[in-house]
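The figures that follow rest on heavy atoms only: side chains count, while hydrogens, waters and symmetry mates do not. Just so we're on the same page: letters track the sequence lines, and every chain starts at 1.
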2 protein chains.
Amino acid sequence: MNEKFIIALRRIALMGGMHDYIAISSRELGDRLDMSQQSASKRILELLEADLIQRDLGARRQRIRLTEEGISLLRQEYLEYQKIFELKGHVVVHGLITRGMGEGQYYVHQPIYKEQFSDKLEFMPYEGTLNVQIDAADVDKLEILRNSDGIIIDGFERNGRTFGDVKAFSAKIHNIHCAVVMPARSHYSDVIEILCQYHLRRTLGIGDGDRVEVIIDVD
Amino acid sequence: MNEKFIIALRRIALMGGMHDYIAISSRELGDRLDMSQQSASKRILELLEADLIQRDLGARRQRIRLTEEGISLLRQEYLEYQKIFELKGHVVVHGLITRGMGEGQYYVHQPIYKEQFSDKLEFMPYEGTLNVQIDAADVDKLEILRNSDGIIIDGFERNGRTFGDVKAFSAKIHNIHCAVVMPARSHYSDVIEILCQYHLRRTLGIGDGDRVEVIIDVD
DNA sequence: ATTACTATATACCGAGTAA
DNA sequence: TTTACTCGGTATATAGTAA
């Protein structure tokens with residue numbers, strides 16, 4: 001079911017439909033997809049119905065572009081292939097040190113989390129996380145982390161507040177062993193939080209705006 | 001036809017079938033592909049028939065791995081997605097074919113330019129440029145080109161006359177590979193000049209006043 | 001438990017054609 | 001020219017089984 005959609009979306013994306021409306025007739029799309037004009041027309045209607053594309057149906061020629069959902073569906077596909085061909089045990093991302101903001105800070109102070117970090121990551125984390133804003137070129141790689149299990153740190157409840165599961169990935173930052181932590185059911189983010197047994201800013205002599213490389217283990 | 005194959009191959013690859021035989025029953029594969037055991041069994045036979053996988057049919061459990069052809073088929077797919085996502089910037093503009101006027105015509109005939117076009121654009125340009133008058137709605141997008149480096153074609157001097165640097169952008173016009181060329185230090189213009197290895201008016205069956213769409217790479 | 005055959009149900013495609 | 005309907009033929013999937 002989905003596959004027919006993806007093939008068509010991919011074709012449209014290759015013609016530039018991710019960035020802008022492109023003019024394409026149902027016959028032209030059909031030719032490129034090796035199908036009839038009728039089937040291509042039907043496919044377009046199905047994609048519209050599924051909110052994967054949007055259309056500007058002009059008098060002479062329709063113009064089509066992918067919706068956000070369409071793009072994200074394609075990106076998911078791309079990620080499957082990245083997993084196959086690029087995942088050789090680790091993901092390398094680059095980014096800039098940014099100031100706080102993350103929730104990681106707060107987590108680390110919770111004794112129940114802290115104990116698990118120490119058990120499962122095999123180091124006692126320094127009280128605080130280092131936040132790294134990942135380069136646009138590398139954000140897709142974070143999707144691999146969201147799709148991987150990682151090391152699960154169990155959530156808990158305290159004082160009526162729920163602390164959800166957290167997952168951690170063993171990692172290295174400039175050759176120092178550390179861990180990337182994120183909510184187990186994470187929403188999209190281009191910032192990662194790093195736990196380490198040392199005070200990374202001091203140990204590495206780095207600060208806000210400095211560029212770092214993080215090598216994250218995934219299996 | 002091919003798509004069913006690719007989905008199944010990808011699934012097997014994700015389970016490690018690219019590097020080694022993996023033990024997987026037809027039921028298990030069916031579950032992962034959201035299909036019945038029977039269909040998965042059939043799919044495996046089809047993949048074998050097409051030489052995309054090889055199988056070691058043991059007494060209790062079959063073991064499967066991808067063949068070289070299977071891997072290369074998957075790699076081709078991966079490449080499609082790389083084309084889509086790694087190529088960040090396109091500019092899509094629309095306009096009308098107009099008659100000559102541009103300087104491009106003259107440039108192409110200069111051997112020193114011509115040689116560079118052939119080297120750097122990776123096609124031998126047809127002797128002449130196609131001029132496109134860009135719609136008022138799209139002229140602003142041309143500013144992006146003026147602010148991008150593009151592919152620099154070095155200028156030269158000849159007979160006391162100076163030929164300045166020219167910059168080129170790889171582009172597509174109605175899905176034919178071409179290049180947009182302009183002076184490296186360009187003044188404002190709402191006309192772009194297109195170089196192609198084919199005679200575009202003839203190849204596309206277009207002429208003065210016809211509307212075209214040009215997709216320009218700006219990475 | 002397997003794999004895989006046959007027979008039936010379903011989904012899909014495209015020819016013909018309207019608007 | 002377009003887009004997109006209906007309808008019938010074919011391809012594909014699965015249920016029921018056999019080995």
Nearest-Å distance for atom pair CD/P, residues A:Glu49 and D:dC5: 12 Å
Axial bend angle, the helix from C:dT2-D:dA19 to C:dA19-D:dT2: five-pair end segments, nearest 10°: 40°
Nucleic acid contacts of residues 32-45 of chain A, taken as heavy-atom distances under 4.0 Å to DNA chain D: A:Gln37, A:Gln38, A:Ser41, A:Leu45
Point-to-point distance, once rounded to the nearest 0.5 Å, from CG of B:Leu121 to NE2 of B:His177: 7.0 Å
Stepwise side chain to side chain donor-acceptor pair (under 3.5 Å) test for B:Thr98 and B:Gln133: CA-CA 6 Å; B:Thr98 64; B:Gln133 166 125 25; 5.2 Å; no
B:Gln54 and B:Thr67: side chain donor to acceptor below 3.5 Å: no
Check: A:His19 main-chain N/O paired with A:Arg65 side-chain donor or acceptor under 3.5 Å: yes
Check: B:Asp154 main-chain N/O paired with B:Asp165 side-chain donor or acceptor under 3.5 Å: no
A:Arg63 CZ to D:dT3 C1', straight-line distance once rounded to whole Å: 17 Å
Between C:dT2 (C1') and B:Asp56 (CG): distance, integer Å: 14 Å
Geometric cation-pi criterion, A:Arg158 with A:Phe156: 6.0 Å, 45°: no
Between C:dC13 (P) and A:Asp31 (CG): distance, integer Å: 16 Å
Length of the line joining A:Ile64:CD1 and D:dT2:P, which is rounded to integer Å: 14 Å
Value in whole Å for how far the P atom of C:dA15 lies from CZ of A:Arg27: 10 Å
Length of the line joining A:Ile24:CD1 and D:dA4:P, which is rounded to integer Å: 14 Å
Protein-nucleotide distance (A:Lys4, atom NZ; C:dT10, atom P), rounded to Å: 17 Å
Taking every non-hydrogen atom, the tightest pair across B:Ile53 and B:Leu48: O-CD2, 3.5 Å
Check: B:Lys167 side chain, B:Leu145 main-chain N or O, donor-acceptor pair, under 3.5 Å: yes
Short side-chain N/O contact from A:Gln62 to OP1 or OP2 of D:dT3, under 4.0 Å: yes
Between A:Gln62 and A:Asp56, a side-chain donor and acceptor under 3.5 Å: no
